[in-house]
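Written below as structure tokens is the structure these notes are about.
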Amino acid sequence: MRVLVIGSGGREHALCWAIAASPLLTKLYCAPGNAGIAREAECVAIGADDSDALLDFCKREKIDLVVVGPEAPLVAGLANRLRAEGIRTFGPDAAAAQLEGSKGFSKDICAKYNIPTAAYRRFTEAGAAKAYIREMGAPIVVKADGLAAGKGVTVAMTEEEAIAAVDAAMTDGAFGAAGAELVIEECMVGEELSFFALADGETALPLASAQDHKRVGDGDTGPNTGGMGAYSPAPVCTPELERRIIDEILTPTVEAMKAEGAPFKGVLFIGLMITEEGPKVIEYNVRFGDPECQVLMMRLQSDILPALIATADGTLKNFDLRWQPKAAMTVVLASDGYPGTYQKGTVIRNVDGAEADPDVTVFHAGTARNDAGDLIATGGRVLNVTAVGDTVGAARDSAYAAVDLIQWPEGFCRRDIGHRALD
Ligand code: AMP
Ligand code: GLY
């Protein structure tokens, strides 16, 4: 089987690493990939947004399965285009990708199908948005409707902060077209949990739980990032809670999308708040989490390729996956300055040394090779040092021991990944 993975981050490296282990694979490509992905796949210099070139490549190389990593091409309709040409694709059509592409759309789905989420209203006009904020009071949450690279959400502790967020989105255009419409919602309180499931339009197959660390600094301080580390399983996700998430949120969401004529085929990543009343949807994503995917792939025992194919083909019913009973943790190494401005091209040494431990795999998120063949950093999030262990604590010890072997003076990481599971 000839497979093309689309994307260039740590998530795509983990997917390529898992797919490369499949006995069904004959050839793996990644577009555009990175220096670490090049160990598992042949990287081709086509951007994830270049659907013409991707389509040509798939036809020319007789690709049997395309796995789309990031959300933007899905929201833009890449899966529609590939499927229309008869190319088997893992990832939702544009209509189903609206679950992530429009927060207003996803909130309306929850409201219509009684899926628990924060109370909300949608606004296209700043005056009405501000009046609603004054009526509801703080804390309150202001969200840009569209894709805003993880930056479109303000959890406002005061009315002034919420009103400033309305001005930033609607008057200053901080998120471009994505902020022309806003969702303003109730601020929920509780612990956060990421829940993942494959869905083939009809059937959902729950994967494992994971927890992410979004803030840049230790103790959950500083600005939000794409995620500074993750671990799986998340102890907060008890079997009883998992049952409720499946019955009250996952299954109703898959059924809702089918009823709307937009069946969801791909991986559904549900961001949840575990409130006193039970689990509630914070947001939907239509792709694997990054870096959550890295810990899921480390724990997955089954061959991933048949699962991706069953998702694409609509044959997930009665499908089963086996997971290691072990825990996994990933620690993100980022360039100094991230999520603000940072230097590119700094040299990283001894990743091989870090990987000498058989429990450790280093996934690359933003790397390349310079002319001298050195590994260099090309992004904000650069490496994902990932380890398995009998417990979250053991995985953490192996991951940080490996982190400490990597020589990269211009990089940093959080030192407290997993603290909520370990305290
Ligand atoms: P999102 O980009 O939608 O994942 O939101 C970013 C973060 O904002 C989430 O991980 C939560 O920590 C927080 N957040 C979003 N919506 C709410 C809400 N309604 N109540 C409390 N926190 C929220
Ligand atoms: N780590 C959070 C995300 O992928 O959105």
Side-chain angles (χ1 to χ4, degrees), residues 7 9-12 14-15 69-72 74-75 99-107 110 116-121 133 136 138-157 161-162 165 169 175 178-179 182-196 209-216 220-232 234 267-277 279-297 329-332 334 339 363 365 380-381 384 386 414 417 420:
R11 165 182 52 210
E12 288 76 23
L15 288 169
E71 64 277 15
L74 294 167
V75 172
L99 277 180
E100 178 164 3
S102 166
K103 296 209 190 282
F105 172 87
S106 69
K107 298 294 293 191
C110 288
T117 189
Y120 74 105
R121 292 243 324 254
I133 289 167
M136 301 307 288
I140 193 158
V141 182
V142 180
K143 299 185 172 184
D145 180 74
L147 293 183
K151 297 189 177 80
V153 175
T154 304
V155 180
M157 288 303 145
E161 208 185 323
F175 312 112
L182 298 177
V183 168
I184 301 186
E185 65 180 37
E186 168 203 359
C187 187
M188 299 184 285
V189 181
E191 189 161 354
E192 283 184 48
L193 175 69
S194 301
F195 195 83
F196 295 87
S209 62
Q211 228 163 358
D212 179 19
H213 296 63
K214 286 219 168 81
R215 303 289 191 121
V216 75
D220 296 320
T221 54
N224 261 318
T225 70
M228 294 300 293
Y231 57 95
S232 173
V267 57
L268 189 59
F269 159 9
I270 312 177
L272 296 162
M273 189 73 84
I274 311 308
T275 72
E276 280 185 350
E277 293 146 46
K280 295 189 180 182
V281 175
I282 299 176
E283 60 161 1
Y284 293 104
N285 298 293
V286 299
R287 45 154 179 104
F288 279 106
D290 187 351
E292 292 94 325
C293 183
Q294 289 79 316
V295 287
L296 296 183
M297 291 306 115
M329 180 178 294
T330 187
V331 177
V332 173
F363 295 117
R381 293 190 295 172
N384 309 141
T386 313
R414 272 182 68 162
I417 301 305
R420 270 178 253 121

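Ligands are counted one by one from 1 in listed order, and the atoms in each one are counted from 1 as well. Position 1 is the first residue of the sequence, and the numbers go up from there. Side chains are part of it too, since the values below use all heavy atoms of this structure and drop only hydrogens, waters and symmetry mates.
Taking all heavy atoms of Val141, Val155, Thr117 into account, the minimum distance to atom 18 (C) of ligand 1 is reached by Val141. Selection from Glu283, Glu192, Lys151, Glu186 by nearest heavy atom to atom 10 (O) of ligand 1 gives Glu192.
Each of the atoms 16 (N), 17 (C), 18 (C), 19 (N) of ligand 1 lies under 4.0 Å from some heavy atom of Glu185. Taking a cut-off of under 4.0 Å to the non-hydrogen atoms of Arg287, the atoms of ligand 2 that pass are 3 (C), 4 (O), 5 (O). Near Gly289, meaning under 4.0 Å from any of its heavy atoms, are these atoms of ligand 2: 4 (O). Numbered from 1 in the order shown, with element, the atoms of ligand 1 that lie under 4.0 Å from a heavy atom of Val153 read 1 (P), 2 (O), 3 (O), 5 (O), 8 (O), 15 (C). Each of the atoms 21 (C), 22 (N) of ligand 1 lies under 4.0 Å from some heavy atom of Met273. Listed by number with element, the atoms of ligand 1 under 4.0 Å from a non-hydrogen atom of Lys143 are 3 (O), 15 (C), 16 (N). With ligand atoms numbered from 1 in the order given, ligand 2 contributes 1 (N), 2 (C) to contacts under 4.0 Å with heavy atoms of Gly226.
With a 4.0 Å heavy-atom cut-off, ligand 2 is reached by no atom of Arg11. Heavy atoms of Met188 found under 4.0 angstrom from ligand 1 belong to the backbone as well as the side chain. Residue contacts with ligand 1 for Lys214 involve side-chain atoms from C-beta outward but no N, CA, C or O (heavy atoms, distance under 4.0 Å).
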Item checked: Working for side chain to side chain contact (heavy atoms under 4.5 Å, CB included), residues Met297 and Phe288 -> CA-CA 10 Å; Met297 291 306 115; Phe288 279 106; 4.1 Å; yes
Note to self: Set out, in order, the CA-CA distance, both residues' side-chain angles and the distance that settles side chain to side chain contact (heavy atoms under 4.5 Å, CB included) for Asn384 and Val331, then state yes or no.
What the structure shows: CA-CA 6 Å; Asn384 309 141; Val331 177; over 6 Å; no
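At least one heavy atom of Phe269 sits closer than 4.0 Å to an atom of ligand 2.
Lys143 has no carboxylate O lying under 4.0 Å from a charged side-chain N of Glu283, or vice versa, which leaves the two without a salt bridge. We find that Arg420 and Asp220 are joined by a salt bridge, their nearest charged nitrogen and carboxylate oxygen being less than 4.0 Å apart.
For the residue pair Glu191 / Gln211, a side-chain donor-acceptor distance below 3.5 Å is found, with atom types taken as modelled. In summary, the side chains of Asp145 and Ser102 do present a donor paired with an acceptor at a separation below 3.5 Å, with no hydrogens or angles considered. For the residue pair Tyr120 / Glu186, no side-chain donor-acceptor distance below 3.5 Å is found, with atom types taken as modelled.
Considering backbone and side-chain atoms together, Asp212 places an N or O closer than 3.5 Å to an N or O of ligand 2.
The nearest heavy-atom contact from the protein to atom 15 (C) of ligand 1 is Ile282 CG2, 3.4 Å.
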